[in-house]
Amino acid sequence: MRSSFKTNNMASSPATDLSSTQAQVRSWRRAGERVGFVPTMGALHEGHLSLIRAARAHCDRVVVSVYVNEKQFGANEDLGTYPRQPETDRQLAEAEGADQVWLAKGEEVYPPGFSVAINMQGPGQGFEAVDRPDFFGGIATVVARLFGLIQPDLAAFGEKDFQQLAVIRQLVKDLALPIEILSCPLVRDHDGLALSSRNVYLQGEDRARALGLPTALVRACNTYAEGNRDVAMIVAAGTQVLAAHELDCAYFSLVDPETLRPLSGTVAPGTQARILAAVRCGSVRLIDNCALDDPPWR
Ligand code: AMP
């Protein structure tokens, strides 16, 4: 009886709680292994899986966390309806080579009495923060907490969330956290739309109209590639495409990729520039970005 129970128990799913995750990480560290970390909010897609592969390429072990962080949602946002599929996520992450999946519980991330709320200045201002003033503070708070709990050597983040990546880099620098940040290229759907867990919200014609966003990036990049260096004209080329697709533009800006400061006037030779864009498509907010000299497609 006893041994049969044990066999069944061993065949069941691996533990996905915090203390098991921390025990795993401690044992890997004792063995001198390098630990990579991929924090996510779940509903995993190819973009997330590319982060797991990238972390794997740089580390001996990879931990993936799944947690929908309530602190980064505003009062009228989609916290309640955000897609959740923890068991599927665990299977997807493990199939991609994750050694440990932490399906985080609220009380593990924010135990009773948790009192820290980080306020992000610098790259945490403007763009995504304009309509959501607490957004990057919520992200910085959860990421700092996750880093403290997991203590990885490296953490992988996607360029899909370009401003978030700048915020995390600033957080790690300002708090002197001994963690390497690996930035990973944005992954697109077959037609060019940036993959996002929220794309499942795009209904009917909205899915086709959403393509106006990467198309606008391409048009702006092409305008630059044709020799136009005027920031306002490059931006106008993009926003015209957004308007033609009836997308409500929140911002479409050329920025310095390090500081995220908006460029103005003309793009000087040798300048690194990034286009950051956000639109509303029906009820769905979409973000996208690319380097000015590297359009989503040519
Ligand atoms: P999320 O689950 O949306 O919080 O995203 C978790 C991580 O996956 C973040 O570092 C995102 O930037 C990254 N990510 C999300 N979508 C993509 C994508 N299409 N390409 C690359 N990385 C992505």
Side-chain angles (χ1 to χ4, degrees), residues 36-58 62-73 77-79 81-86 88-90 92-93 96 98 101-104 109 123-124 127-128 132 135-136 138-147 150 152 154-172 179-202 210-211 213-214 217 257 260 274 276-278 284-291 294 296-297:
F37 180 40
V38 181
T40 81
M41 296 211 300
L44 300 187
H45 51 64
E46 185 53 36
H48 300 108
L49 302 184
S50 75
L51 267 53
I52 298 174
R53 287 194 292 273
R56 168 101 273 155
H58 287 77
V62 177
V63 177
V64 175
S65 68
V66 174
Y67 182 65
V68 181
N69 173 38
E70 64 268 31
K71 289 196 191 294
Q72 69 191 70
F73 286 77
E77 293 179 16
D78 58 342
L79 175 62
T81 55
Y82 195 85
R84 286 170 171 85
Q85 48 168 54
T88 304
D89 288 341
R90 183 186 66 74
L92 286 169
E96 209 58 47
V101 179
W102 172 28
L103 301 177
V109 178
F127 305 109
E128 287 303 288
R132 297 186 281 177
F135 181 57
F136 287 115
I139 289 176
T141 301
V142 78
V143 169
R145 170 82 180 151
L146 298 180
F147 281 179
I150 302 300
L154 171 150
F157 291 86
E159 290 181 353
K160 158 76 171 30
D161 301 282
F162 199 81
Q163 190 177 8
Q164 170 176 284
L165 191 50
V167 163
I168 306 290
R169 285 194 186 290
Q170 192 72 45
L171 177 80
V172 164
I179 298 171
E180 180 186 343
I181 300 302
L182 181 66
S183 89
C184 303
L186 190 159
V187 179
R188 296 180 181 279
D189 214 338
H190 62 95
D191 55 3
L193 184 67
L195 287 177
S196 164
S197 302
R198 289 188 167 101
N199 288 355
V200 295
Y201 298 150
L202 289 167
L211 269 189
L213 179 53
L217 295 178
L260 303 194
R274 196 97 192 170
L276 302 184
V284 186
R285 184 183 171 91
L286 301 170
I287 60 171
D288 204 340
N289 71 88
C290 70
D294 188 17
W297 64 83

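Atoms within each ligand, like the ligands themselves, are counted from 1 in listed order. For the numbers below, each heavy atom of this structure counts, side chains included, while hydrogens, waters and symmetry mates do not.
- Nearest heavy atom pair, residue Arg188 against residue Pro214, reads NH1-CB, 3.8 Å.
- Checked by atom type and distance alone, the side chain of Asn69 pairs as donor or acceptor with a backbone atom of Lys71 at under 3.5 Å.
- Below 3.5 Å of separation, one finds an N or O of Leu195 facing an N or O of ligand 1.
- Taking all atoms of both residues into account, the shortest heavy-atom contact from Ala98 to Val64 is CB-CG2, 3.7 Å.
- Contacts with ligand 1 closer than 4.0 Å are made by side-chain heavy atoms of Leu51 only, the backbone lying farther away.
- Heavy-atom contacts of Leu186 reach the following atoms of ligand 1: 20 (N), 21 (C) (cutoff under 4.0 Å).
- For Gln164, every heavy-atom contact with ligand 1 shorter than 4.0 Å involves the side chain, none the backbone.
- Looking only at distances, no side-chain donor or acceptor of Asn289 sits under 3.5 Å from a matching main-chain atom of Arg274.
- Below 3.5 Å of separation, one finds an N or O of Met41 facing an N or O of ligand 1.
- Closest to atom 17 (C) of ligand 1 among all protein heavy atoms lies Lys160 CB, 3.5 Å.
- When non-hydrogen atoms are compared, ligand 1 lies under 4.0 Å from the side chain of His45 (C-beta onward) but not from its backbone.
- Of all atoms in ligand 1, numbered sequentially from 1 with element shown, those under 4.0 Å from a heavy atom of Phe157 are 10 (O).
- Counting protein heavy atoms only, atom 12 (O) of ligand 1 is closest to Asp161 OD2, 2.6 Å.
- Looking at ligand 1, you won't find any N or O of Glu159 less than 3.5 Å from one of its N or O atoms.
- Below 3.5 Å of separation, one finds an N or O of Val187 facing an N or O of ligand 1.
- At a 3.5 angstrom cut-off on N or O pairs, Ser197 does not count as close to ligand 1.
- Considering only heavy atoms from C-beta on, Met41 stays 4.5 Å or farther from Ser197 through its side chain.
- Separation of atoms CD1 (Ile139) and CD (Gln163) is listed at 9.0 Å; rounding is to 0.5 Å.
- Scanning the protein heavy atoms around atom 5 (O) of ligand 1, the nearest turns out to be His48 NE2, 3.5 Å.
- For Arg132, the salt bridge (charged side-chain N to carboxylate O under 4.0 Å, His left out) partners are Glu77, Glu128, not counting sequence neighbours.
- Contact annotation for Pro39 and ligand 1: only backbone heavy atoms (N, CA, C, O) come within less than 4.0 Å of the ligand.
- Among the atoms of Gly158, some N or O lies under 3.5 angstrom from an N or O of ligand 1.
- Residue Thr40 has at least one heavy-atom neighbour below 4.0 Å for each of these atoms of ligand 1: 2 (O), 6 (C).
- A donor-acceptor pair under 3.5 Å is absent between the side-chain atoms of Ser183 and the main chain of Glu159, judged by distance alone.
- Counting heavy atoms from C-beta on, the side chains of Tyr201 and Tyr82 come closer than 4.5 Å.
- Between the side chain of Asp89 and the backbone N or O of Leu44 there is at least one donor-acceptor pair closer than 3.5 Å.
- Counting only distance, with no hydrogens or angles, the side chain of Asp161 and the backbone of Ile287 share no donor-acceptor pair below 3.5 Å.
- For atom 21 (C) of ligand 1, the nearest protein heavy atom (residue, atom name, distance) is Pro185 O, 3.5 Å.
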